[in-house]
Structures are given as C-alpha cells and as structure tokens.
Chemist: 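Got a structure here, written out as structure tokens. Questions coming.
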Amino acid sequence: MRRMNHLAFRQFMPYLTKFKLENACATILGILSGLASVFLTYYIGLAIDQMIGRNQVDFSRLSQIIYAFIGLVVINVVGQWLIQRLGNRVAYLSISQLRKDAFEHLNQLPLRFYDQTAHGNIMSRFTNDMDNISTAIQAIYTQLFSGVTIVIIALIIMIKMNLLLTIVVLIATPIIFLASWLVAKISQKDFSAQQAILGEISSFITEMVGNQKVVKAFQREAINQQRFETLNQELYYKGYKAQFSSAIANPLSRFVDHLAYVAVGCVGGYLAITHPSLVSIGTVSSFTIYSSQFSKPFIELTGLTTQIQTALAGIERTFALMNEPIEKNTENAQILQNVSGEVCFQDVDFSYLANQPLIEHFSFTAKPGQSIAIVGKTGAGKSTLVNLLMRFYDVDHGSIRIDQQDIRQFTRDSLRQAFGMVLQDTWLFDSTLRENLRYGKPDASDEEIYDALKQAYMYDFVMRLPQKLDTPIGQHGLKISDGQRQLLTIARTMISNPPMLILDEATSSVDTLTERKIQAAFLAMMKGKTSFVIAHRLATIQNADQILVMDHGKIVEQGNHHELLAKNGYYAELYHAQFTQTSEIGQ
C-alpha cells in the first residue's frame with residue numbers, strides 16, 4: 001500500500017512542479033514570512049529585556065522595537081495571504097490538468113475496462129478523490145514554504161542562544177515524527193478503504209437514479225434502501241476508523257510538544273536564576289516561543305493528517321485509473337480508406353473469460369455490398385461479433401480481414417469510422433438536435449440533416465418544434481419517446497453515410513408501421529454497402545443476402561431466408577416459434 005502511494009505520488013509531483021513561477025514566488029514569500037515570524041519572537045525578547053531589570057525604561061528604543069514589530073507583522077500577514085492565493089492557484093490548476101489528462105486517458109481505454117468497472121466508481125475519482133487532493137494541496141502549500149524557513153532559522157537562532165535548551169527541544173522532535181508516522185501507517189489502509197467504499201456508494205446511487213423507473217416498477221425501493229444503508233454503514237465504520245486514528249496524531253504531537261515547552265521553561269528558568277549573565281528572562285521568553293515556532297510546522301502537519309491521507313488515497317485511485325493500459329494501434333498502422341466492403345472472419349476464437357470460450361473456429365466471408373443478418377438465441381455470440389469487428393475486443397486466435405487486410409493493420413479510429421452503428425440502446429447527449437445529429441459528421445449541412453430526418457420519418461416531428469434543429473435534447477432537454485430516440489439515432493447514422501453498417505436490433509423501439517418505413521429507409525441506405533444486421537424479430541431480415549444462424553459461438557446454419565426455411569432446421573424452428581407466438585398473442 002505504502003509503495004503504491006509512493007509511486008502514485010511520484011507520478012503526481014510533475015503536476016505541482018510545473019508551476020515554476022508560482023513556486024518560486026511562494027518560496028521567496030515563504031522566506032520573507034518565515035524571517036518576519038522568527039524576528040518577531042526576537043523583538044519580543046528585546047522588548048521584555050527593555051522593560052525588566054532596569055530602573056528607567058528606554059522608551060526611544062522601545063518605540064523602535066514596536067515599529068519594527070508592526071512592520072514584521074505586516075510582512076508576515078501579507079506574505080501568508082499571498083502564499084495562500086498562490087496555493088489556491090496551484091491546487092486548482094494542477095487538479096484541472098489532472099482531470100483533463102485522466103479524462104483523455106479514459107477515452108483511450110478499451111471497452112473491457114468499462115465492462116469490468118462500475119461507472120459510478122469511475123466518476124467518484126473525478127469528483128471526490130480529486131477534490132480531496134485539491135483541498136490537501138491548498139492546506140499544505142500554505143504551511144510548507146514559510147514553515148521550512150521558520151524551522152531552519154529558529155534552529156540556528158536557538159543554537160546560538162543556548163545549546164542546552166536547543167537539545168531539550170530537539171529531543172521532542174523525533175518523538176513527534178515517530179508518533180505521526182505510526183498513526184499514518186496504521187490509518188492509511190482505512191483511508192484507502194474509505195475512498196473505495198465511497199466509490200461503491202457513488203456507483204450504486206448512479207445506477208439506481210438512472211434506472212428509477214425499473215426500481216419502482218419492481219417495487220425495489222425497500223430493498224435498495226436496505227442495500228444503501230448497508231453501504232452507508234460500512235462507509236461510516238471505515239470513515240470512523242480512519243478519522244479516529246488520524247485524529248490522534250495532532251493531540252499526541254501537541255502533548256509531546258507541551259512537555260518540551262515545560263522542560264524548556266524549567267531548564268531556562270533554572271539557568272536564568274543560577275546564571276543570569278548567560279541567560280536573561282527575555283532570552284528564556286524568546287526561547288520558549290522559538291521552541292514553539294520550531295515545532296509548530298510539524299504540529300500543523302500532523303493536524304492535516306486526515307486531509308493528507310485522504311488525498312494520498314485519492315492520488316492512488318486516480319493513478320490506478322491512469323495506469324490502466326490504453327488501446328494502442330499496431331506499429332505502422334495504416335488508415336483504412338477506399339473500402340469496397342469485403343469482410344472475412346478466418347478461424348476466429350474469442351472468450352471474455354479465459355476459462356469460458358464463447359466463439360470457436362468461426363469462419364465466414366461477406367462479399368462487398370451484401371447484407372448479412374445474424375440471428376440466434378440470447379448468448380449465442382451475435383453482439384460479440386460486432387465487438388470483434390469494431391475492435392472493441394481483439395480476437396484470441398485467427399483474424400478478421402477487410403478487403404483482404406487484417407483489421408489490426410489499420411488504426412482503430414479509421415476502422416470504426418468505416419462503420420455506421422445503430423444500437424438497441426439509444427444515446428442522445430445534452431445539446432441541440434443539430435449537434436446530436438451531427439455527431440458522426442460535424443460538418444453536415446442542414447440540408448443533409450433534413451434529408452436524413454425525412455428518410456427516418458422524423459422530419460414532420462422536428463419541424464413542429466418551436467426551435468426546430470436548435471431544440472435542446474437529452475437528459476435535461478426535450479423529453480421524447482424511446483421510439484423517437486431510436487429514429488433520431490438512425491438519422492444520425494444516415495448523415496454520417498459510412499461505407500459499412502452495423503444494425504443491432506435498430507428497430508426494437510418502434511411500432512410495426514414505423515418499422516416497415518424504417519426498413520424501407522434502411523434498404524435504400526444499405527444499397528451497395530456491406531451491412532451486418534443483428535435481429536431477434538426475423539420478419540425484419542427476410543431480404544438479407546445471407547443469414548447466419550448462431551448457437552454457442554458457432555454458425556449452425558447459413559443461407560438466405562427461403563433456403564433456411566426449406567432446410568426445416570434451426571432457423572425454421574426459430575421462425576415458426578416466433579410467428580406462432582405472435583399470432584397467439586394477437587388472439
């Protein structure tokens with residue numbers, strides 16, 4: 001755990017050290033502020049000596065000391081204020097850059113990572129964890145620069161004033177460090193566990209809020225409440241342990257420091273009485289303050305133990321994300337262009353889990369311009385073929401070729417750009433209709449958009465909207481039906497006009513009449529393009545050039561609609577079962 005924190009911290013340091021001007025200014029201001037703080041103590045001792053043990057007070061000298069004292073206070077206050085401003089700037093800019101880099105890295109991660117990681121947990125790293133890092137940076141930055149100066153100068157002056165009293169102070173310092181180290185070692189595991197369970201809660205809430213309709217439909221409110229309370233109680237337990245153990249550090253350090261303070265007072269008082277020529281009352285007074293100043297940065301650092309350890313846990317979780325291996329193109333990868341559309345699967349093997357093979361020895365060739373329908377029971381491997389074709393996952397064995405070339409020889413971006421996808425799960429982001437429809441082709445004109453909307457039978461709907469293409473849509477915009485969302489995603493694919501198509505239950509959310517219209521539009525769009533259609537409703541794929549019937553990752557039948565029905569095999573069984581079921585439901 002500690003090694004991992006150390007590595008993550010080293011990775012994070014460049015985000016802080018890149019602000020050379022801010023750090024240089026903070027260093028200078030820290031030195032000035034530290035010097036001012038130390039000399040304030042020195043002038044306190046001078047003022048006490050001016051007023052004690054003299055028959056007549058030198059008010060002229062005392063006035064000079066007071067004026068110097070006021071000037072030093074101003075320098076100290078202004079310096080600390082400016083350091084705090086610089087700390088805020090460094091904290092916010094460094095975390096802003098970290099978020100940007102983390103999000104850029106997130107966009108390059110393979111689909112496998114998203115399939116295996118809770119989405120709420122990912123979002124928690126961008127919010128809770130990075131906010132904790134930012135807060136800790138602000139707190140430490142203010143203490144660091146002036147604190148180092150105070151420690152060094154206070155130590156030098158204490159040694160110069162009295163070596164014996166300095167030794168008394170120095171004895172307490174290792175004890176403070178030891179106490180803080182022991183507490184940090186014990187509690188760091190609890191802080192990491194606290195941040196992990198916080199990510200679980202964030203993931204759970206995100207999932208439940210996003211699917212509240214299903215929750216209510218199945219009356220799962222009470223069960224979900226119980227699950228949340230279990231997670232929340234676990235967070236309380238982990239958080240309580242982490243906060244309690246780290247909270248001991250500061251009082252323990254202060255206790256040791258107060259013992260040193262008392263020891264300095266006793267030894268200094270004894271020396272002032274027995275050797276007044278060597279140690280004055282003012283010297284003892286200054287020394288007690290110096291001893292406090294010397295240990296103050298260490299004490300304040302232990303007071304930030306909770307923030308520091310929470311930030312370290314956040315840094316660890318953030319860089320665990322950023323150290324995830326990204327999708328990489330093969331060396332000398334080419335740009336896929338001028339696609340004719342021949343797609344060939346050659347002896348492909350694939351499994352999501354090593355001990356659970358899904359697709360084995362799969363071979364098939366789609367000729368340019370053909371429409372290929374893929375049917376089969378749930379879990380047969382239909383969508384997996386799409387994942388492999390788009391290189392969301394890579395094959396374990398064999399190869400997939402487009403126009404006689406292995407798709408691993410092409411850049412992933414150019415490969416995916418060659419396909420237009422319409423999925424069963426629709427997605428429209430928070431923006432205008434125009435921006436959503438231009439998602440695959442940012443430079444599409446309004447005329448192209450309107451043409452696609454007409455083909456998708458959404459033109460009349462859009463024209464009735466007061467703002468037409470400028471209408472906000474998405475989670476916080478115009479509320480539309482699932483069928484309308486599906487039609488808009490179909491229009492979006494039509495606008496991008498790719499050379500090949502993948503349609504995964506693309507008409508699942510529309511009624512039968514609209515489905516027929518969409519099928520006509522698809523036939524026009526698919527003309528001359530290699531198309532892969534995954535369908536459960538077999539009536540939608542009767543015109544396909546080839547139908548692949550899959551079961552347990554293998555092709556069990558292949559042919560067109562009429563050929564497969566004539567075989568009276570697996571496909572015919574699926575077809576008749578579906579239409580018999582449909583007619584029974586209709587009755």
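From a predicted model like this one, the values you see are computed outputs, not experimental measurements.
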Chemist: Aromatic ring centroids of Phe362 and Phe345 under 6.0 Å?
Modeler: yes
Chemist: Are the side chain of Thr530 and the backbone of Met500 linked by a donor-acceptor contact shorter than 3.5 Å?
Modeler: no
Chemist: Considering non-hydrogen atoms only, spot the tightest contact between Ile95 and Ser134 and give its length.
Modeler: CG1-CB, 3.7 Å
Chemist: Which is it for Lys441 and Glu448 under the salt bridge (charged side-chain N to carboxylate O under 4.0 Å, His left out) test, yes or no, and what are the steps along the way?
Modeler: CA-CA 10 Å; Lys441 187 179 180 182; Glu448 290 177 276; 2.6 Å; yes
Chemist: One pair to check against salt bridge (charged side-chain N to carboxylate O under 4.0 Å, His left out): Asp394 and Arg412. What are the steps and the verdict?
Modeler: CA-CA 11 Å; Asp394 279 325; Arg412 293 177 189 268; 3.5 Å; yes
Chemist: Assess the side chains of Tyr459 and Asp451: does a donor N or O sit below 3.5 Å from an acceptor N or O?
Modeler: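 Looking only at side-chain atoms, Asp451 and Tyr459 do not form any donor-acceptor pair under 3.5 Å.
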Chemist: Walk me through it: do Leu336 and Val339 pass the test side-chain contact (heavy atoms from CB on, under 4.5 Å)?
Modeler: CA-CA 7 Å; Leu336 177 58; Val339 178; 3.7 Å; yes
Chemist: List the atom of Ala320, the atom of Arg125, and the distance in Å for their closest heavy-atom pair.
Modeler: CB-NH1, 4.1 Å
Chemist: Any luck finding a side-chain donor-acceptor pair between Lys529 and Asn497 under 3.5 Å?
Modeler: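 Checked: Lys529/Asn497 side chains pair up, N/O donor to acceptor below 3.5 Å.
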Chemist: Using every non-hydrogen atom in the two residues, find where Pro498 and Ala418 come nearest and quote the distance to one decimal.
Modeler: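 Scanning both residues, the minimum pair turns out to be CB-O, 3.8 Å.
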Chemist: A side-chain contact here means heavy atoms from C-beta on lying under 4.5 Å apart; do Asn436 and Arg492 qualify?
Modeler: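 SC-SC contact between Asn436 and Arg492 confirmed.
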Chemist: Quick one: does Gln370's side chain have a donor or acceptor within less than 3.5 Å of a partner on Lys367's backbone?
Modeler: yes
Chemist: Judged by modelled atom types alone, do Asp413 and Gln417 share a side-chain donor-acceptor pair under 3.5 Å?
Modeler: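 No, no side-chain donor-acceptor contact under 3.5 Å.
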Chemist: List the residues meeting side-chain hydrogen bond (donor to acceptor under 3.5 Å, both in side chains) with His361, not counting sequence neighbours, and say none if there are none.
Modeler: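 Residues passing side-chain hydrogen bond (donor to acceptor under 3.5 Å, both in side chains) with His361: Asp347.
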Chemist: If you take all heavy atoms of Ile555 and Ser363, which pair is closest and at what distance?
Modeler: CD1-O, 3.7 Å
Chemist: Going by distance alone, is a donor N or O of one side chain under 3.5 Å from an acceptor N or O of the other, for Thr384 and Tyr393?
Modeler: no
Chemist: Rounded at 0.5 Å granularity, tell me how far CE in Met390 sits from CG in Leu385.
Modeler: 13.5 Å
Chemist: Answer yes when Glu327 and Arg416 have at least one side-chain N-carboxylate O distance shorter than 4.0 Å, and no when they do not.
Modeler: yes
Chemist: Would you kindly say whether Gln11 and Asn323 are connected by a side-chain donor-acceptor distance under 3.5 Å?
Modeler: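 Side-chain D/A pair, Gln11 to Asn323: present.
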Chemist: With sequence neighbours left out, write down each residue that passes side chain to side chain contact (heavy atoms under 4.5 Å, CB included) with Asn128, or none if nothing qualifies.
Modeler: Ser124, Leu198
Chemist: Step through the shown structure and confirm whether more than 12 heavy atoms of other residues, nucleotides or ligands are within 6.0 Å of CD on Glu229.
Modeler: yes
Chemist: Rounded to the nearest 0.5 Å, what's the gap from OH on Tyr15 to OG1 on Thr318? Could you check?
Modeler: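 Result: 10.0 Å between the selected atoms.
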Chemist: Do Phe410 and Ile335 make a side-chain contact, defined as non-hydrogen atoms from C-beta onward lying under 4.5 Å apart?
Modeler: no
Chemist: Looking only at heavy atoms, what is the nearest atom pair of Ser399 and Asp406, with distance?
Modeler: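 Reported closest heavy-atom pair: CB-OD2, 3.4 Å.
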Chemist: State, without any angle test, whether Thr493 and Ser496 hold a side-chain donor-acceptor pair at a distance under 3.5 Å.
Modeler: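 No donor-acceptor contact under 3.5 Å links the two side chains.
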Chemist: Side-chain contact test, heavy atoms from C-beta onward, threshold under 4.5 Å: evaluate it for Pro110 versus Phe392 and give yes or no.
Modeler: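 When only atoms from C-beta onward are counted, Phe392 and Pro110 do not touch, as no gap falls below 4.5 Å.
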Chemist: Are side-chain heavy atoms of Ile473 and Leu488 found at a separation under 4.5 Å?
Modeler: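 Yes. Closest side-chain heavy atoms under 4.5 Å.
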Chemist: Enter the distance from Arg391:CZ to Phe419:CZ here, rounded to the nearest 0.5 Å.
Modeler: 12.5 Å
Chemist: For a quick test of reading the model, state the closest non-hydrogen atom pair linking Gly314 to Ile133 and the distance between them.
Modeler: C-CD1, 3.8 Å
Chemist: Has the side chain of Gln108 got a donor or acceptor atom that lies under 3.5 Å from a matching backbone atom of Glu104?
Modeler: yes
Chemist: Under a 3.5 Å distance rule, please check whether His105 uses its side chain to pair with a backbone N or O of Lys100 as donor and acceptor.
Modeler: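 Not at all, since once roles are kept as given, no pair shorter than 3.5 Å links the two residues.
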Chemist: Considering only NZ, NE, NH1 and NH2 on the basic side and carboxylate oxygens on the acidic side, decide whether Arg89 and Glu22 come within less than 4.0 Å.
Modeler: yes
Chemist: Could you measure the distance from the CG atom of Leu415 to the CD atom of Gln334? Nearest 0.5 Å is fine.
Modeler: 12.5 Å
Chemist: With respect to Tyr571, which candidate in Glu557, His561, Glu563, Gln558 satisfies the side-chain hydrogen bond (donor to acceptor under 3.5 Å, both in side chains) definition?
Modeler: His561
Chemist: Before accepting this row, confirm whether a basic side-chain N of the pair Asp129/Arg99 lies closer than 4.0 Å to the acidic partner's carboxylate O.
Modeler: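 No, Asp129 and Arg99 are not salt-bridged.
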Chemist: Any side-chain heavy atom of Leu106 within less than 4.5 Å of one from Phe126?
Modeler: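 Yes. Closest side-chain heavy atoms under 4.5 Å.
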Chemist: Can you confirm whether more than 12 heavy atoms, excluding those of Tyr439, are under 6.0 Å from its OH atom?
Modeler: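 Count not over threshold, so no.
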Chemist: So Ile490 and Leu503, side-chain contact (heavy atoms from CB on, under 4.5 Å) or not? Walk me through it.
Modeler: CA-CA 9 Å; Ile490 291 170; Leu503 312 175; over 6 Å; no
Chemist: Is it the case that Ser340 and Asp403 place a side-chain donor and acceptor less than 3.5 Å from each other?
Modeler: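 Yes, Asp403 and Ser340 have a side-chain donor paired with an acceptor closer than 3.5 Å.
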Chemist: Between Leu469 and Ile449, does a side-chain contact (heavy atoms from CB on, under 4.5 Å) hold up when you go through it step by step?
Modeler: CA-CA 9 Å; Leu469 291 178; Ile449 295 174; 3.8 Å; yes
Chemist: Would you call Asp446-Arg434 a salt bridge at under 4.0 Å N-O?
Modeler: yes
Chemist: Report yes or no: does Asp545 contribute a side-chain atom to a donor-acceptor pair with the main-chain N or O of Ser371 at less than 3.5 Å?
Modeler: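 The answer is yes, because a donor-acceptor pair under 3.5 Å joins these two groups.
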Chemist: Less than 4.5 Å apart, any side-chain heavy atom of Phe319 and any of Met322?
Modeler: yes
Chemist: Rounded at 0.5 Å granularity, tell me how far CG in Leu453 sits from CE in Met463.
Modeler: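 CE of Met463 is found 9.5 Å from CG of Leu453.
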Chemist: Aromatic contact between His397 and Phe350, with the criterion being ring centroids under 6.0 Å apart: yes or no?
Modeler: no
Chemist: Please answer whether the main-chain N or O of Val90 pairs with a side-chain N or O of Ser94 as donor and acceptor at a distance below 3.5 Å.
Modeler: yes
Chemist: Run the side-chain contact (heavy atoms from CB on, under 4.5 Å) test on Ile372 and Ser531 for me, step by step, so that the C-alpha distance in whole Å, both residues' side-chain angles and the decisive distance to 0.1 Å come before the verdict.
Modeler: CA-CA 6 Å; Ile372 310 300; Ser531 307; over 6 Å; no
Chemist: How long is the gap from CZ on Phe532 to CE on Met421, to the nearest 0.5 Å?
Modeler: 12.0 Å
Chemist: With side chains defined as the heavy atoms from C-beta onward, is the minimum distance between Val348 and Leu388 less than 4.5 Å?
Modeler: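 Val348 reaches Leu388 side chain to side chain.
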Chemist: Counting C-beta onward and ignoring hydrogens, is there a side-chain heavy-atom pair between Val386 and Ile534 closer than 4.5 Å?
Modeler: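 In contact.
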Chemist: For the side chain of Asn23 and the backbone of Leu16, is there at least one donor-acceptor N/O pair under 3.5 Å apart?
Modeler: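 Such a contact is found between Asn23 side chain and Leu16 backbone.
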